[in-house]
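Here is the structure we will look at.
Predicted model, so just to flag it, every value in this text is computed and none were measured. In this chain, residues are counted from 1 in sequence order.
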Amino acid sequence: MISVAIPCYCSENTISQVVKGLVEEFDKHNDEYQIVLVNDGSPDNTFEVIKGISLENPNVIAVNLSKNYGQHSARMAAIPFLKGEYVVYMDDDGQHPVSGIYKMIEKLEEGNYDVVYALFKQKKHSLFKRVVSRINTATLDFLTGKPKDVKNSSFSVMRSYILREMEKYKSPFPSWTGFIMQITRNVSNIELEHFDRISGESNYTLKKMFKLYMNSVTGFSVVPLRISSVIGMVTALIGFAVGIYSIIHKLLNPAVPVGYTSLMAVLLFIGGMIMMMLGLLGEYVGRIYMINNNLPQYTIREVVECGSNKK
């Protein structure tokens, strides 16, 4: 069986075509399949659409979350329903080619990999999203030790045992790629074509991008704290050196006036660095506090499976 999980947000006009393409592709290969559609608190009619799809096709499960938790939490919400030997994650906008699923599975088996990501040389995304995506990828490469020659994407296929390990991940701040890198480094890419969106625009705002970035930065590494310590030490050494230089310079040249501007510049620089480091430390402490409070990754309001409603 091949399982496909699709987080859905404001996709009432696209998800039906995506599912239709998947069903046609699986029927063509005569394979058993299941499709799990997770509505991530969409303000539009998305859940009614995927509910209707589930009622028509017993291989489709519709999951409705109680609010918008974010794409990575929606991916986590699909895990309990995924039963296939191969598990595919893809987007709801039609930009991922369904024919690429079998190419990724072939690559998975060919190299005995655990995870294969689609590699899109020419992404049909806005400049803003491409820039933010590259920053996030570079951060993950540095913090998680992800192989630099492998590029992660939201279109991927993985072995079922990865999902069983992912079920153990209970943090309310999920970072998908970061956790996978804690399970395996046996990952690869396969180049696929990236399509235009069926309709509409990307729902990723600057706020959502920043939230995803912070989850990646603080979720699986203390490297940022170590960098903060190093910067603090370097700044202190620079301040000490500048102070010694100023004293000696004043003793050798008594006529030199005390520099108010330079003093304020140094104070502002050091003060800014301290506040930034305290903010980063506070981010870690705050996340620890919220994890200890057992905040949920997601809450399921309703499940439509094989024509029956479960709440």
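The minimum heavy-atom distance between Ile79 and Arg164, with the atom names listed, is O-NH2, 3.6 Å. Of all heavy-atom pairs between Thr184 and Ile162, the closest is CG2-CD1, 3.8 Å. Counting all heavy atoms, side chain and backbone alike, Ala118 lies closest to Leu192 at CB-CD1, 3.7 Å. Between Tyr9 and Asp40, the shortest heavy-atom distance links the atoms CD1-O, 3.3 Å. Met90 and Pro7 make their closest contact through O-CD, 3.5 Å (heavy atoms, listed as atom of the first residue, atom of the second, distance). Scanning both residues, Val88 and Val157, for their nearest heavy atoms gives CG2-CG2, 3.9 Å.
Val23 and Ile101 fall within the same hydrophobic cluster, defined by Ile, Leu, Val, Met, Phe, Trp and Tyr side-chain heavy atoms under 4.5 Å apart, directly or through other members. In the hydrophobic cluster analysis, where Ile, Leu, Val, Met, Phe, Trp and Tyr join through side-chain heavy atoms closer than 4.5 angstrom, Leu119 is grouped apart from Ile190. In the hydrophobic clustering of this structure, Met1 does not group with Val19; members are Ile, Leu, Val, Met, Phe, Trp, Tyr whose side-chain heavy atoms approach within less than 4.5 Å, directly or through other members. Hydrophobic clustering (ILVMFWY, side-chain heavy atoms < 4.5 Å, transitive): Ile105 and Ile6 are in one cluster.
The backbone N or O of Tyr298 sits nowhere less than 3.5 Å from a side-chain atom of Ser73 that would complete a donor-acceptor pair. With hydrogens and angles disregarded, no donor-acceptor distance shorter than 3.5 Å links the side chain of Ser42 to the backbone of Asp44. Side-chain atoms of Thr46 come within 3.5 Å of backbone atoms of Ser11 as a donor-acceptor pair (strictly under, hydrogens ignored). Side chain of Asp92 to main chain of Thr14: no donor-acceptor pair is present (N/O by atom type, distance under 3.5 Å, no hydrogens or angles). With hydrogens and angles ignored, the 3.5 Å screen pairs no side-chain donor or acceptor of Ser3 with any backbone N or O of Val87. Listed for the Asp93 side chain is a donor-acceptor partner under 3.5 Å among the backbone atoms of Gln95. With hydrogens and angles disregarded, no donor-acceptor distance shorter than 3.5 Å links the side chain of Gln34 to the backbone of Asn59. At distances below 3.5 Å, at least one donor-acceptor pair connects side-chain atoms of Ser54 with backbone N or O atoms of Val304. Within the 3.5 Å criterion, the main-chain N or O of Lys67 finds no donor-acceptor partner in the side chain of Arg301.
No side-chain heavy atom of Trp176 sits less than 4.5 Å from a side-chain heavy atom of Ser154. Looking at Phe179 and Pro174, their side chains never come closer than 4.5 Å, going by heavy atoms from C-beta outward.
The distance from the CG atom of Leu82 to the CD1 atom of Ile2 is 13.0 Å, given to the nearest 0.5 Å. In this structure, the separation between CG on Asp114 and CZ on Arg159 is 6.0 Å, given to the nearest 0.5 Å. Within the model, atoms CG of Leu65 and CG of Asn39 stand 7.0 Å from one another, a figure rounded to the nearest 0.5 Å. Note that CG of Leu163 is 9.0 Å distant from CE of Met76, once rounded to the nearest 0.5 Å. The structure places OG of Ser188 at 11.0 Å from OH of Tyr117, a figure rounded to the nearest 0.5 Å. Considering CG of Asn112 and NZ of Lys107, their distance stands at 12.5 Å, rounded to 0.5 Å.
The neighbour count for Glu48 CD, taken as heavy atoms of other residues, nucleotides or ligands under 6.0 Å away, is above 12.
The salt bridge (Lys or Arg N to Asp or Glu O under 4.0 Å) search around Glu12 returns none, not counting sequence neighbours. Under the rule for a salt bridge (Lys or Arg N to Asp or Glu O under 4.0 Å), Glu191 has no partner lying at least two apart in sequence or in another chain.
Ion pairing between a basic and an acidic side chain is recognised when a charged N comes within 4.0 Å of a carboxylate O; Glu165 and Lys168 show such pairing.
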Give the C-alpha distance, both sets of side-chain angles, the deciding distance and a yes or no for side chain to side chain donor-acceptor pair (under 3.5 Å) between Tyr86 and Glu109. CA-CA 11 Å; Tyr86 303 109; Glu109 291 297 342; 2.4 Å; yes

Does the pair Tyr33 and Leu22 meet the rule for a side-chain contact (heavy atoms from CB on, under 4.5 Å), with working shown? CA-CA 9 Å; Tyr33 69 92; Leu22 284 168; over 6 Å; no

Stepwise, does the side-chain contact (heavy atoms from CB on, under 4.5 Å) test hold for Met181 with Val187? CA-CA 9 Å; Met181 288 301 109; Val187 298; 3.9 Å; yes

Should Lys51 and Glu302 be marked as a side-chain contact (heavy atoms from CB on, under 4.5 Å) after you check the CA-CA gap, both sets of side-chain angles, and the distance that decides it? CA-CA 10 Å; Lys51 180 178 178 180; Glu302 181 180 358; 3.9 Å; yes

Working note: His96 + His194, criterion side-chain contact (heavy atoms from CB on, under 4.5 Å); need CA distance, chi angles, decisive distance, verdict. CA-CA 6 Å; His96 296 162; His194 199 236; 4.2 Å; yes

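With respect to Phe81, the side-chain contact (heavy atoms from CB on, under 4.5 Å) criterion is satisfied by exactly one of Val38, Val63, Ile35, Leu37: Val63.
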